[in-house]
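These values consider heavy atoms only, across backbone and side chains, with no hydrogens, waters or symmetry-generated copies. Every chain is numbered from 1, with letters handed out A, B, ... down the list of sequences.
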Protein chains: 2
Amino acid sequence: MRFDDSNRNAMSRGRRSDMPTGVATIVDVAREADVSTATVSRVLNGTSGVSADRAGRVRDAAERLGYVPCGSARALRRQQATVWAAIVPDIANPFFTALVRGIEDVARVRNHRLVLCNSDEDLEREASYLDIVIAERMAGVVIAVASNRDSSLAPLVERGVPTVAVDRRPAGSRLDSVVVDNRSGAAEAVTHLIASGCRRIACISGPRRVSTSTERLDGYRDALVAHGFPVDRALVRRADFKEDGGYRATRSLFESGAPPDALFIANNPMAVGALRALRELDLAVPRDVALVAFDDSPWTTLTTPELTVVAQPAYEIGRVAAELLATSSDARPARTIVLSPTLVVRASSTRTPVESRRRA
Amino acid sequence: MRFDDSNRNAMSRGRRSDMPTGVATIVDVAREADVSTATVSRVLNGTSGVSADRAGRVRDAAERLGYVPCGSARALRRQQATVWAAIVPDIANPFFTALVRGIEDVARVRNHRLVLCNSDEDLEREASYLDIVIAERMAGVVIAVASNRDSSLAPLVERGVPTVAVDRRPAGSRLDSVVVDNRSGAAEAVTHLIASGCRRIACISGPRRVSTSTERLDGYRDALVAHGFPVDRALVRRADFKEDGGYRATRSLFESGAPPDALFIANNPMAVGALRALRELDLAVPRDVALVAFDDSPWTTLTTPELTVVAQPAYEIGRVAAELLATSSDARPARTIVLSPTLVVRASSTRTPVESRRRA
DNA sequence: GTGAAAGCGCTAACAC
DNA sequence: GTGTTAGCGCTTTCAC
């Protein structure tokens, strides 16, 4: 079949006129500009070596027909898409949205499209998105894994898909990654609670399968041990990093015989749940319970009292990860970049001596 | 070139063994299973008419090679991808994340992929995402437009891309859409403020180009007029639907000669900014200023006082929109589905008579 | 039931 | 500079 005997284009170009009604292809543009498809391709891809006259005609024709090159055909031919994927476990968590903004901004500058995928902390959904990444031959992935162990990044690595891990560090894979020093951040938070006079500090951490959970819990223990406090298993809860998990963990802590006088909560959504529980239990912060949570967010200064948090440089994590992605190559060895969190002390954790010790 | 003289596959299959190291194609699977590519395709697409024996061999081979069909090639051939796009103006706004969750859940059931795009209320970014939708020949779009007028959905419509508008209603296009009754919701909120004894009710709305801004402002005016209040232009601000805009509008309202005694704020991020401003100005809610905001979110019950809001059924909007998208066809006429918002009265707007009228 | 082969829209050799 | 042409990997007639 030759271009000129194709009747496809009669259809794709509307009934009577030259108005682009269907989908214009490169062939339509070529015919409209009276050049070859190669020339069209060259003009539209900025390849040099086309006369100004013809280039102008091509651009006009493309404009007139509302031509948008077909991404699939292009990707198929080039064996490479320009799309990046960001896979995060919770799109409603401000930490991850800020992180995504960081990726986005780099992607735009680098001329990459970014699509966002929400794994919802679910391995199956994550796997299905990883399949898409492979199927669409995407140009790169930034991922906060749903699990350090089971997240099967292996297929990506095997196929040489540039991949950067953020926030959570997948076990055993030699990948570029950008994380924060969770352990120190947590230790600093708990040390601060100790300094505020808290004695029974509870920790609500996340699921075992996620590195940040474990590291933040380790930091909590470090601080207790460093100050000669016992590490009481009854004061530790593993929740799911979601609001309801934080709520239930908090209730369970206070419904036990010996309630805590402080809460260290390992992420933002769980802090929302915890605060809800404390309201219901009619417990005042910081008088009855002091509180420090991981991750800052827009609303943490709107509560009464304002929340003390371990703030992560979320936007920066995303930005750095995307830069790493943009410059990734088999040549250079995998890098792990560790950024530092910052303890932001506000009213929820500062207790005057006279106020404390209400409960033994 | 025939299949068997292709040396591409030698490369794509690793150095020595059958281990899938590069990217396996349908040809690899066909060879491995000793069938034709047509048969592989039939098996993997569930087309009937393949013997159990061969089907089994194909599945085994695909499994063994870690074969993932190439989305571009498939889309190119089928002239249709299965991907849906959701384009929203602010990914950090809980309203939109909830809405996206609604879309996601339907997409999964309907076997569509969903990618998320953040237009950031920016027409240029929105346009660039619309280009992608066209370039990738996506199967459908749910969009909350950045502007009713200028959002150029026309290319989508011309090309017959199934499109559903949510939250904001694009002017003049005959599209399926799912919105809430903003005007009534706003009127109800303002009526409630009036009933609480507020006299100088200010409104912080969004940009002119967005329908929700105008509708919520109209509702505000409706309520004032209905109760014989003057509509004072000095009490109306147009901000940008973002936190800083809410902050600045609030400061400007209170730095004017005659400050309001109540604030009606047209979305959630601006409410964050407003609350921040009120804190700085040392104004107490609801004593000095009563407050009602559009959109509920996880933190609205964590502030002191809790926030009175006009809650939208965000998840439901997304769900309905996606159902509309799934069942869209040229055959049926465009539908507009209007859902109802709910006024949730909390402490930020309820003022005891004795407390009010501090300022004339 | 099964395979051969055409061709989706594009880019990149390769010819001229 | 410009055009011709061979496929990228897949689905889908069309023959058998």
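- Atom-to-atom, CZ of A:Arg78 to P of C:dA13 comes out at 13 Å; the value is rounded to the nearest Å.
- Rounding to whole angstrom units, CG of residue A:Asn45 and C1' of C:dG9 are separated by 13 Å.
- Using a 4.0 Å heavy-atom distance criterion, B:Ser51 is classed as a sugar-phosphate-only contact.
- Rounded to whole Å, atom P of D:dC10 lies 13 Å from atom CD1 of A:Ile134.
- When each of D:dC10, D:dG3, C:dG9 is scored by its nearest atom to the side-chain atoms of A:Val35, the top-ranked nucleotide is D:dG3.
- Counting to the nearest Å, the P atom of C:dA6 and the CD1 atom of B:Ile26 are 17 Å from each other.
- With no hydrogens or angles considered, a side-chain donor-acceptor pair links B:Tyr315 and B:Asp105 at under 3.5 Å.
- Contact check on B:Arg113 versus A:Glu136 returns no salt bridge, with no Lys/Arg side-chain nitrogen under 4.0 Å from an Asp/Glu carboxylate oxygen.
- In this structure, A:Glu136 atom CD and D:dG9 atom C1' are separated by 13 Å, rounded to whole Å.
- One N or O donor and one acceptor, one from the side chain of B:Arg42 and one from the base of C:dG3, sit under 3.5 Å apart.
- Heavy-atom distances to DNA chain D give each of A:Asp34 and B:Tyr67 a nearest nucleotide, and the one nearer the 5′ end belongs to A:Asp34.
- Taking atom CZ of residue B:Arg74 and atom C1' of nucleotide C:dG9, one finds them 18 Å apart after rounding to whole Å.
- A heavy atom closer than 4.0 Å to some atom of DNA chain C occurs in no member of residues 54-61 of chain A.
- Shown here is B:Arg174, whose CZ atom has no more than 12 heavy atoms of other residues, nucleotides or ligands within 6.0 Å.
- With C:dC8, C:dG3, C:dG9 as the candidates, the nucleotide lying closest to the side chain of B:Ser36 is C:dG3.
- For A:Leu76, the listed nucleotide lying nearest its side chain is D:dC8; candidates were D:dC8, D:dC10, D:dT12.
- Residue B:Val40 is out of contact with every strand shown, counting any heavy-atom pair closer than 4.0 Å.
- In this structure, B:Ser41 reaches the D:dT11 phosphate: one of its side-chain N or O atoms is under 4.0 Å from OP1 or OP2.
- The existence of a salt bridge linking B:Glu32 and B:Arg59 is excluded, since no basic side-chain nitrogen approaches an acidic carboxylate oxygen closer than 4.0 Å.
- Between the CG atom of A:Leu44 and the P atom of C:dG9 there is a distance of 16 Å, rounded to whole Å.
- Nearest-nucleotide positions on DNA chain C place B:Gly49 closer to the 5' end than the other of A:Arg77 and B:Gly49.
- Salt bridge A:Arg101/B:Asp120: present, at least one basic N to carboxylate O contact under 4.0 Å.
- Which of D:dT5, C:dG3, D:dA6 sits closest to the side chain of A:Thr37 comes down to D:dT5.
- Using a 4.0 Å cut-off between charged side-chain N and carboxylate O, A:Asp53 and A:Arg57 make a salt bridge.
- The pair A:Arg335-A:Asp176 does not count as a salt bridge, with every side-chain nitrogen at least 4.0 angstrom from each carboxylate oxygen.
- For A:Thr39, a side-chain nitrogen or oxygen approaches OP1 or OP2 of D:dG3 to under 4.0 Å.
- With sequence neighbours excluded, the residues that form a side-chain contact (heavy atoms from CB on, under 4.5 Å) with A:Ala62 are A:Val29, A:Tyr67.
- Put simply, A:Gln79 has a side-chain N or O that comes within less than 4.0 Å of OP1 or OP2 on D:dG9.
- Rounded to whole angstrom, the span from the CZ atom of B:Arg137 across to the P atom of C:dG9 amounts to 8 Å.
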